[in-house]
Amino acid sequence: MKFSEIPYERPDLESIKQQLTALTERFKAAESYEEARSIFLEKETLEKHVSTLGTLAEIRHTIDTRDSFYDAEVQFWNGAQPELSEYLQLWTKAMLEGRFRPEFTEEYGELMFINSEMEFRTFSPEIIPELQKENDLKTAYEKLLASAQIPFEGKTYTLSQLTPLKNDADDARRLAAWKAEGQWYKDNQEALDDLYDRLVHVRADISRKLGYESFIELAYDRLGRSCYNKKDVEKFRDAVVKYLVPVADSICREQAARIGREYPMNFADNALEFRSGNPKPFGTPDEILAQGKVFYDELSPETGEFFRGMLENEMMDVLSTEGKAGGGYCTSLPDYETPFIFANFNGTQHDVEVITHEAGHAFADWLNRKRVPSSYIWPGLEACEVHSMSMEFFAWPWAEGFFGGDTRKFYYSHLSGALTFIPYGAMVDHFQHRVFEKPDMTPKERHGVWKELLGIYMPWIKLDDAIPFYGEGEGWQRQHHIYSSPFYYIDYCLAQTVSLQFWAMIQEDPANAWAHYMAYTRQGGSRAFTDLLKHAGMESPFDENCLRGVCDAARSWLSQFDMTGIR
């Protein structure tokens, strides 16, 4: 079914509650595993249907945040989902305490119970008002960003539409675009500070009511981190500073020399990788999608079937339009066993990365779409990002069809960008840990923490008054995840480290690399992150040797890359 044809109707919330209650009572009264399993599958069907409706409303709202109907539906779901959590928790309790847990474990594995135990700790009926408030604040932040109308050179731009101008090869124009963007954030500084301050405090309140020491521990449980903890993440960040920051710094020093700008660079200069301009796709959006089809058709039979279905059923909305929410994401409509991709094409290499990155997520969802329980379709978020970031590297042999004469630029930019990204991502994570260790910090103090961390993780950046919003340590406010998905961002860094392993394998033997990728992806969410890697023959990013090894391999490749003719 095409996306535009999928029907939506607000469900009867009380009816869903009654159905969940009845299923829970029947499950507790089941006299055999066969009966309990049958009820479990009924509950799976109901939960997938509810998820489909909520996701459908969210997709259509982000496509046009001005649509009053779907704006009201998102508000409904912001309130409904916390209420339904109370009934889902009663089901989870029955599963955890049920006498057929050994049989379920034998058929489906222990992870479903480990995940359920973490989920159980993260909810109590007492926090429903706070959860509803958290949802509303996240929606308000996204709507604020989507409403941006930025005047520049006589025209008006959204944040996404301004992005290509922030990469312009003309130094004055590029700096002006960064200043225009920064001024919009400055003009909305009070609202941005207030929204985040309220989010921090409502999350701290939720944590206290649930008995957590801080929101940090709650966030780790929310994210289902069963195979690593805060100390493991701290060790990873330390390894990033030790091994990767020096590599990234050398890349940025070469960049400054290449584009003829001072080192350290301001944010606007750091955005320009080549004096002749950053790599750009040479085709229209339709041509980029068509090349994506060529790539997936030739990569493997499975990827070809998957991508053709996405195109035929219009399961991608990629144009940047007025009123559209910023960013990009992949989500799932389980009733229809299909993923959906949302993006904002803007004429930069990001457009191609949507076709590889978000479609990497979508392929993993599609490959595991029939898994039972449905919670095993997706693994943890760090594991999901391996699917997407690695798929970007598997597209390299087809890059010329996307970039034409800019292909060699793209190779260099993509690999160097992966290396310089990880320190930024680790900084985002470190910032959030600092914030929630002291949730009563003032907005000014939070900006100070960001400035301090910039000096540790991104020493190639000059903090001056050229772009006040960024120079004064406020740039974190444009990072959606900090507001909407706290502590998610380190997942990108862990995954990027794994994807660099795949990149190194691709250089040696693409077929072998793809075999390992499929071995990893076919597991879905049936194992925890480090176990997924182990069963696919990959190293864990928590092993210091892993990060050191990928740094050495990538640095060697970049140092030998022929830059003749590239300026």
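Small disclaimer: the values here were computed from a predicted structure and weren't measured. In what follows, residues are counted from 1 in the order of the sequence shown.
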Any idea how [X] and [Y] line up, ring-wise: parallel (<30°), tilted (30 to 60°), or perpendicular (>60°)?
{"X": "W557", "Y": "F561", "answer": "parallel"}
{"X": "F104", "Y": "Y33", "answer": "perpendicular"}
{"X": "F393", "Y": "H414", "answer": "parallel"}
{"X": "Y228", "Y": "Y220", "answer": "perpendicular"}
{"X": "F40", "Y": "Y108", "answer": "tilted"}
{"X": "F363", "Y": "W366", "answer": "parallel"}

Flag the pair [X] and [Y] as a salt bridge only when some basic side-chain nitrogen lies within less than 4.0 angstrom of an acidic carboxylate oxygen.
{"X": "E44", "Y": "R371", "value": "no"}
{"X": "D531", "Y": "K534", "value": "no"}
{"X": "D64", "Y": "R60", "value": "no"}
{"X": "D429", "Y": "R237", "value": "yes"}
{"X": "R101", "Y": "E110", "value": "yes"}
{"X": "E312", "Y": "K2", "value": "no"}

Assess the side chains of [X] and [Y]: does a donor N or O sit below 3.5 Å from an acceptor N or O?
{"X": "S388", "Y": "E392", "result": "no"}
{"X": "H481", "Y": "Q432", "result": "no"}
{"X": "Y517", "Y": "N512", "result": "no"}
{"X": "S320", "Y": "N346", "result": "no"}
{"X": "Q349", "Y": "S413", "result": "yes"}
{"X": "Y296", "Y": "Q291", "result": "no"}
{"X": "W398", "Y": "E298", "result": "yes"}
{"X": "T52", "Y": "T55", "result": "no"}

Determine whether the aromatic ring centres of residues [Y] and [X] are separated by less than 6.0 angstrom.
{"X": "F340", "Y": "F3", "value": "yes"}
{"X": "F345", "Y": "H350", "value": "no"}
{"X": "Y457", "Y": "H430", "value": "yes"}
{"X": "Y520", "Y": "H387", "value": "yes"}

ask   = Among D269, N270, I251, whose side chain to side chain contact (heavy atoms under 4.5 Å, CB included) with W460 holds?
value =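 Of D269, N270, I251, side chain to side chain contact (heavy atoms under 4.5 Å, CB included) with W460 is met by N270 alone.
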With distance as the sole test, does [X] use its side chain to make a donor-acceptor pair with the main-chain N or O of [Y] at under 3.5 Å?
{"X": "N313", "Y": "G309", "answer": "yes"}
{"X": "R408", "Y": "D562", "answer": "yes"}
{"X": "T321", "Y": "K324", "answer": "no"}
{"X": "T45", "Y": "L41", "answer": "yes"}
{"X": "E142", "Y": "A325", "answer": "no"}

key: Intermediate values then yes/no, ring pair (Phe, Tyr, Trp, His ring centres under 6.0 Å), W396 and Y411   = CA-CA 8 Å; W396 271 29; Y411 289 147; 4.7 Å; yes
ask   = Should the pair K280 and F402 be classed as cation-pi, given the thresholds of under 6.0 Å to the six-membered ring centre and 45° from the axis?
value =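 Not satisfied by the 6.0 Å and 45° rule.
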Geometric cation-pi criterion R225 and F487, 6.0 Å radius, 45° cone =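 Ring-cation test returns no.
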message = Rounded at 0.5 Å granularity, tell me how far CD in E217 sits from CG in N229.
response =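 Here the interatomic distance stands at 10.0 Å.
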key: Test log, rule ring pair (Phe, Tyr, Trp, His ring centres under 6.0 Å), inputs Y489 and F421   = CA-CA 11 Å; Y489 219 67; F421 164 77; 5.7 Å; yes
For residues 494-508, which side-chain donor-acceptor pairs fall under 3.5 Å, sequence neighbours excluded?
from, atom 1, to, atom 2, distance (Å)
Q496, OE1, S499, OG, 2.7
T497, OG1, C493, O, 2.9
S499, OG, Q496, O, 2.8
Q501, OE1, E539, N, 3.0
Q501, NE2, E539, O, 2.8
Q507, NE2, W503, O, 3.0

request  = Show your working on side-chain hydrogen bond (donor to acceptor under 3.5 Å, both in side chains) between E544 and Y243 and close with a plain yes or no.
outcome  = CA-CA 9 Å; E544 189 171 322; Y243 296 111; 2.4 Å; yes
query = ring pair (Phe, Tyr, Trp, His ring centres under 6.0 Å) with F113: which residues, sequence neighbours excluded?
reply =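 For F113, no residue satisfies ring pair (Phe, Tyr, Trp, His ring centres under 6.0 Å) once neighbours in sequence are set aside.
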